[in-house]
Amino acid sequence: MKNLYRFLASSDHSVARAVRHVRRQVHTFTLPAPRPVVLPMRVAFEAARDAYYFGARVLVCEPHFKSYCTQYGKGVRTGNFIHYIQGRGDIILGDNVVLDGKINFVFAARFSDRPTLRIGDNTGIGHDCRIIVGKSITIGKHCRIAGSVYILDSSGHPSDPEDRKRGLPPADSEVKPVVIEDNVWLGARSMIFPGVTVGEGSVVAAGSIVMADVPPYTVVAGNPARRVASLRTEPPPPLVEPASDRSDARSKGADDAARRSLADSAS
């Protein structure tokens, strides 16, 4: 069989050439797509697809996820995938939270009786994110979290080499709550480490590794993430006149006052 394949692929024999010609014709075959024919087909396909995804989201994916939630507000929506939730913890969602695509939620019960994830109003989280909660992760309102973002309050393994060798869990002191304040934008593939607070209005650039607190209204980027810009413009300082200008202004004011006094006495 191997020799036959090699013969057909490389031989100059007429049969081999004919087989190769037929193969090329099959691989390059195409049909015209007259618009009056293919447009109704496309519309019908898209309508059927949208109806299927709508039913999957409303009847399967959203009820499945909401059954894990301790509390959720109005307008909480998911995508067309069932989120993967490991362990047990409290999921508390505000209004109009959007959890798009497929997200992995991991709760580690060994550090807290009820690890807690809080997500504020009008926050959106993209596909393929991973949120690991040992104690507490809080995400504020109006946050935008792009795809493939990792947020974790525990690394999952102890930093001490001997403890890792023995297969021990992280020490309790290594599990540190994470806070993402309001109106934060986390770029795709960024990573937020335990104990970090990302200040209000800040932006974390794509692919950044955040290991220290981010001040409010700041842009950070890199590994480890560093401040690269500020999003808050400070008002300009008040204009201060030079001393010589101030003395000239005072002497001019005194001369004007003297002239007005002489004019009043003459009248």
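Just the heavy atoms: all of them, side chains too, but no hydrogens, waters or symmetry mates, feed the values below.
Residues passing the side-chain hydrogen bond (donor to acceptor under 3.5 Å, both in side chains) test with N223, sequence neighbours excluded: none. Contacts of D182 classified as side-chain hydrogen bond (donor to acceptor under 3.5 Å, both in side chains), with partners at least two apart in sequence or in another chain: none. Partners of H13 according to the ring-ring contact (aromatic ring centres under 6.0 Å, His included) rule, which considers only residues two or more places apart in sequence or in another chain, are F7. Residues forming a salt bridge (charged side-chain N to carboxylate O under 4.0 Å, His left out) with R114 (at least two apart in sequence, or on another chain): D90. For R166, the salt bridge (charged side-chain N to carboxylate O under 4.0 Å, His left out) partners two or more places apart in sequence, or in a different chain, are D163.
Cluster partners of M41, by chain and number: V37. The rule joins Ile, Leu, Val, Met, Phe, Trp and Tyr whenever side-chain heavy atoms lie under 4.5 Å apart.
D12 has a carboxylate O that lies under 4.0 Å from a charged side-chain N of R17, or vice versa, which qualifies the two as a salt bridge.
The 12-atom threshold is exceeded at OH of Y68, counting heavy atoms of other residues, nucleotides or ligands nearer than 6.0 Å. Within a 6.0 Å radius of CG in D113, no more than 12 heavy atoms belonging to other residues, nucleotides or ligands are found.
Contact of the K102 side chain with the D128 side chain is not registered, since no non-hydrogen atoms from C-beta on lie closer than 4.5 Å. Between R77 and L99, every side-chain heavy-atom pair lies at or beyond the 4.5 Å cut-off. You'll find the side chain of D121 stays beyond 4.5 Å of the side chain of V97, heavy atoms only. Taking 4.5 Å as the limit, some side-chain heavy atom of V76 sits within range of a side-chain heavy atom of K66.
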Stepwise, does the side-chain contact (heavy atoms from CB on, under 4.5 Å) test hold for I131 with N104?
CA-CA 6 Å; I131 301 176; N104 186 195; over 6 Å; no

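Looking only at distances, a side-chain donor or acceptor of S202 sits under 3.5 Å from a matching main-chain atom of P215.
Using cut-offs of 30° and 60° on the angle between ring planes, the pair F81 and H127 is tilted.
Just one of I145, D100, I151, L186 meets the side-chain contact (heavy atoms from CB on, under 4.5 Å) condition when paired with C129; it is I145.
Linking Ile, Leu, Val, Met, Phe, Trp and Tyr residues whenever their side-chain heavy atoms come within less than 4.5 Å leaves V179 and V210 in two separate clusters.
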